[in-house]
Protein chains: 4
Amino acid sequence: MNTGSPAEAARSARAEQRRHQLLTAAARLMERDGFHGVSMQALAEEASVSVGLIYRYFGGKDEVLLAVIWRVLDAFASQVPEAIDKAGPDPVERTAAAFAAYCTIIDEHRHAAVLTYRESRTLSTEGRARIKSAEVETGRPLRACLREAIDEGLFRDVDVELCSYDLLLLAHGWALKYWYFEHSHDLQDYVRTQTALMFGGLLRPEHRGAYTHLLAG
Amino acid sequence: MNTGSPAEAARSARAEQRRHQLLTAAARLMERDGFHGVSMQALAEEASVSVGLIYRYFGGKDEVLLAVIWRVLDAFASQVPEAIDKAGPDPVERTAAAFAAYCTIIDEHRHAAVLTYRESRTLSTEGRARIKSAEVETGRPLRACLREAIDEGLFRDVDVELCSYDLLLLAHGWALKYWYFEHSHDLQDYVRTQTALMFGGLLRPEHRGAYTHLLAG
Amino acid sequence: MNTGSPAEAARSARAEQRRHQLLTAAARLMERDGFHGVSMQALAEEASVSVGLIYRYFGGKDEVLLAVIWRVLDAFASQVPEAIDKAGPDPVERTAAAFAAYCTIIDEHRHAAVLTYRESRTLSTEGRARIKSAEVETGRPLRACLREAIDEGLFRDVDVELCSYDLLLLAHGWALKYWYFEHSHDLQDYVRTQTALMFGGLLRPEHRGAYTHLLAG
Amino acid sequence: MNTGSPAEAARSARAEQRRHQLLTAAARLMERDGFHGVSMQALAEEASVSVGLIYRYFGGKDEVLLAVIWRVLDAFASQVPEAIDKAGPDPVERTAAAFAAYCTIIDEHRHAAVLTYRESRTLSTEGRARIKSAEVETGRPLRACLREAIDEGLFRDVDVELCSYDLLLLAHGWALKYWYFEHSHDLQDYVRTQTALMFGGLLRPEHRGAYTHLLAG
DNA sequence: CATGAATGAGTGTTCATTCAT
DNA sequence: TATGAATGAACACTCATTCAT
């Protein structure tokens, strides 16, 4: 008998692809019909697998939801810092990049993003606690940027907690009322306009001149 | 002989009280456990009535949810214009008053307010359509204030649709993440700080001086 | 205190009228929707009284059904012998008159008549037993006529039980498949044709000549 | 590699057996307690399956009833023509064979046969319409025999519609009042006696001699 | 006598989950 | 691995019945 390392790798890749396939189907269905509106039967059908198989990859329906939400939070955790880094050293630019990154990720996971807001009460206390703490974590890079910008005297001395919450909420707003905007704005519009609006309130007057490219909503 | 009007009035009053009793219980429970997490049995118990009685006042569970949401939208429709009127003729003050009114109403209906965001997918297409159009209606007075303020050159020329959406979203934010803020902010804090932040971005620099009381977050 | 004999009579008349009103409504509704398809609410509405009042006149829903059925059986008990008497002394004529009477009564109580067949399983064992024995009773005059006609050598020596059952079943057939016949036959047609058919089988050949008026279907 | 046909066949056979198991249990229970007197729970218990499984094979309780009734009508459609064919060319013999076949099938499906009469109001308009038209279809071979016998001058010129209705009703009579006859007649008795009675009425006097075996009730 | 608001046991139905294959 | 038949607890909803007015 061998350890089958390559076979194991293949199996693992296959498993990962299955998870992906299932989570994407779940996100699409749950966004449309809500968590409770999606049966495991329907999910299995949408993902073209059998019901039983879902239970090989997830402990139950709740865990599927948790994983769907988790994927978004994961994307935040990995892609937002990256986007901030790319934006260079200026804290204002970094903040703007962070906001844009949040919006982009939400757009990419539009189906799943709303679930954070809509289905949180569905989860077990423990699952909810994990989500909450991950959400708080999610905001950390944004809060750091804001604090930097304030410390360097570029932004007014706003409440960092509140402001980062607002920016995140507005980023989610793209998904929450997508049906409202989809005909009038595309993602770029949305990001540009929101940035102009919010940064107009954040920048100290004396530095506005340096960021006209951000303020031109 | 009289028309029996008093007996009818008493009955009607009783019915109104029942509806209130049920909707309050429903809002509280649904906020905590989500629409699907609340059984009619549980609702009946919470409201101290029998299951059957609920069906005398509402056509079904969906209709209860619809009515809960409707009550908030109703409060917006009646109380926001009133608050705006009281704020006098200045469009900036009127806008600020409108935002404060939204926040206050949401605080008063904290349980119910989140349901608009969370449980919309639960409703029938028709119910959802009614809610959507009522929501759009809800924003009308705010949009009017904003447009006035822009037309008079007090606010920058922002996208009225988007901006009113932001303000409404932030107002709802008080309910959506109440658990996050309740230990650090009270409603007044929240309104004041958000007002300062947003109006800082909206007011043209030359008029900021006239509204320092709003900008001191 | 007085015995209020006239008042009592008035009250009793009123009560009788109520019972009639209720039973007629019940028969109509139950024929259309079946016993289980008729709620006490619906019955109350149809009879233009309140739900509570029904319980003043009947012990419960089952008892209403029982009474509806009973009314038909009562009509049989009182009207069939009368019709037989009117038919004179000839046992064949008497039998024919009995059959016609059954059919006529069923036509008059068309709604209720089918309930005997349809809803018997609904009743309590005791109620069913009472109905059964009343039904057997119902056939007694018919059986007597048949026996007479056989004894006098007018009818062939058929099984009286079976034959009376057949005639009763065919009489009920008018109500059971009313929807099938109503466009092609009226009651008179039905009775005449069935009589011709059945009496053709019953009469001994040598007496057929004397009853051509019955055999001309 | 094969097409998996044997596995599929096995599954399908299993499914067919389940349907049979369920329908037989349903017929038995519904005959005893009426459609509304049988709960899905009770049906599941009687059939030794779980409630949920019933819904895998039938769309709902109504559909179970429909299927129960349908099975009888199916038996009529397939077995009656066969029985007629076996009876040879003589239209009288054919008619007698048809009647006997109806009675036999009803006896075999005694539980289900009564449901046609009792529970028709329970079904949806559409289901009822399907049953009605199937019932009319059911009588077609009998009507054909009767017409033949009349055309050949063997039977009197009776109303074919009505007469076939009578014969069918009498066949059902065996199930409708089984409790009444079971101690005095067996199926053969019943068929023989009813045949004698009815054919006595149908045959023209000049042909009675040729069918004494049918007329000796 | 008459009302109809209120009750709650009972119903049909769904669906997350399991497990023999 | 993968299937999907089978389970049964839980649900929304109905309606016969009661009783305060």
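Lettering of chains follows the sequences in order, A, B, ..., and the numbering in each one begins at 1.
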Are any side-chain N or O atoms of D:R121 and backbone N or O atoms of C:D33, one a donor and one an acceptor, separated by less than 3.5 Å? no

Nearest non-hydrogen partners of A:G60 and A:Y55, listed with the distance: CA-CE2, 3.9 Å

Return yes if some donor-acceptor pair links the side-chain N/O of C:E46 with the main-chain N/O of C:A25 below 3.5 Å, else return no. no

Exam field: side chain D:R118 to backbone D:M30, donor-acceptor pair closer than 3.5 Å: yes

Quick one: does any side-chain atom of A:E119 pair with a main-chain N or O of A:F35 as donor and acceptor, under 3.5 Å? yes

Can you work out whether B:K61 or C:G59 has the more 5'-proximal nearest nucleotide on DNA chain F? B:K61

Under 3.5 Å, is there a donor-acceptor pair between the side chain of C:R18 and the main chain of C:R56? no

Taking F:dT7, F:dA5, F:dA16 as options, the one with an atom nearest any side-chain atom of D:V49 is F:dT7

Are a donor atom and an acceptor atom from the side chains of B:R71 and B:H20 found within less than 3.5 Å of each other? yes

Using a 3.5 Å distance criterion without hydrogens, assess whether the side chain of A:Q21 forms a donor-acceptor pair with backbone atoms of A:A47. yes

What is the distance, rounded to the nearest whole Å, between atom NE2 of C:H36 and atom C1' of E:dG10? 12 Å

Want to settle it: does D:G37 or C:S50 sit nearer the 5' end of DNA chain E, counting the closest nucleotide to each? C:S50

Rounded to whole Å, CG of D:L43 lies from C1' of E:dT13 at a distance of 13 Å

Does anything in residues 13-23 of chain D reach DNA chain F, meaning a heavy atom under 4.0 Å, and if so which residues? D:R14, D:R18

Can you tell me which nucleotide in E:dA9, F:dC15, E:dA6 comes closest to the side chain of B:Y57? E:dA6

May I have the distance from C:L29 (atom CG) to F:dC15 (atom C1'), rounded to whole angstrom? 15 Å

NA contact type, B:V38, heavy-atom cut-off 4.0 Å: base, sugar-phosphate, or nothing? sugar-phosphate

In whole angstrom, give the distance that lies between atom CZ of A:F58 and atom P of F:dT1. 14 Å

Separation of E:dT13 atom P from A:Q41 atom CD, nearest Å, is 18 Å

Given 3.5 Å as the limit, does a donor-acceptor pair link the side chain of B:K61 with the main chain of B:V38, or not? yes

No-hydrogen, no-angle side-chain donor-acceptor test under 3.5 Å, A:R14 and A:Q17: no

Treat a base pair as Watson-Crick or G-U wobble with both distances under 3.5 Å, then lay out DNA chain E in dot-bracket form, 5' to 3', with | for cross-strand pairs. .||||||||||||||||||||

Rounded to the nearest Å, what distance is computed from the CZ atom of residue D:F35 to the C1' atom of nucleotide E:dG12? 10 Å

Presence of D:Y55 side-chain N/O under 4.0 Å of E:dC15 phosphate oxygens OP1/OP2: no

For the pair made of CG in A:D62 and C1' in E:dC15, what is the distance, rounded to whole Å? 14 Å

On DNA chain E, nearest-nucleotide positions of A:M40 versus B:I54: which is more 5'? B:I54

Is D:R56 close enough to F:dA5 that one of its side-chain N or O atoms is under 4.0 Å from OP1 or OP2 there? yes

What's the CD-P distance between B:E63 and F:dT14, to the nearest Å? 11 Å

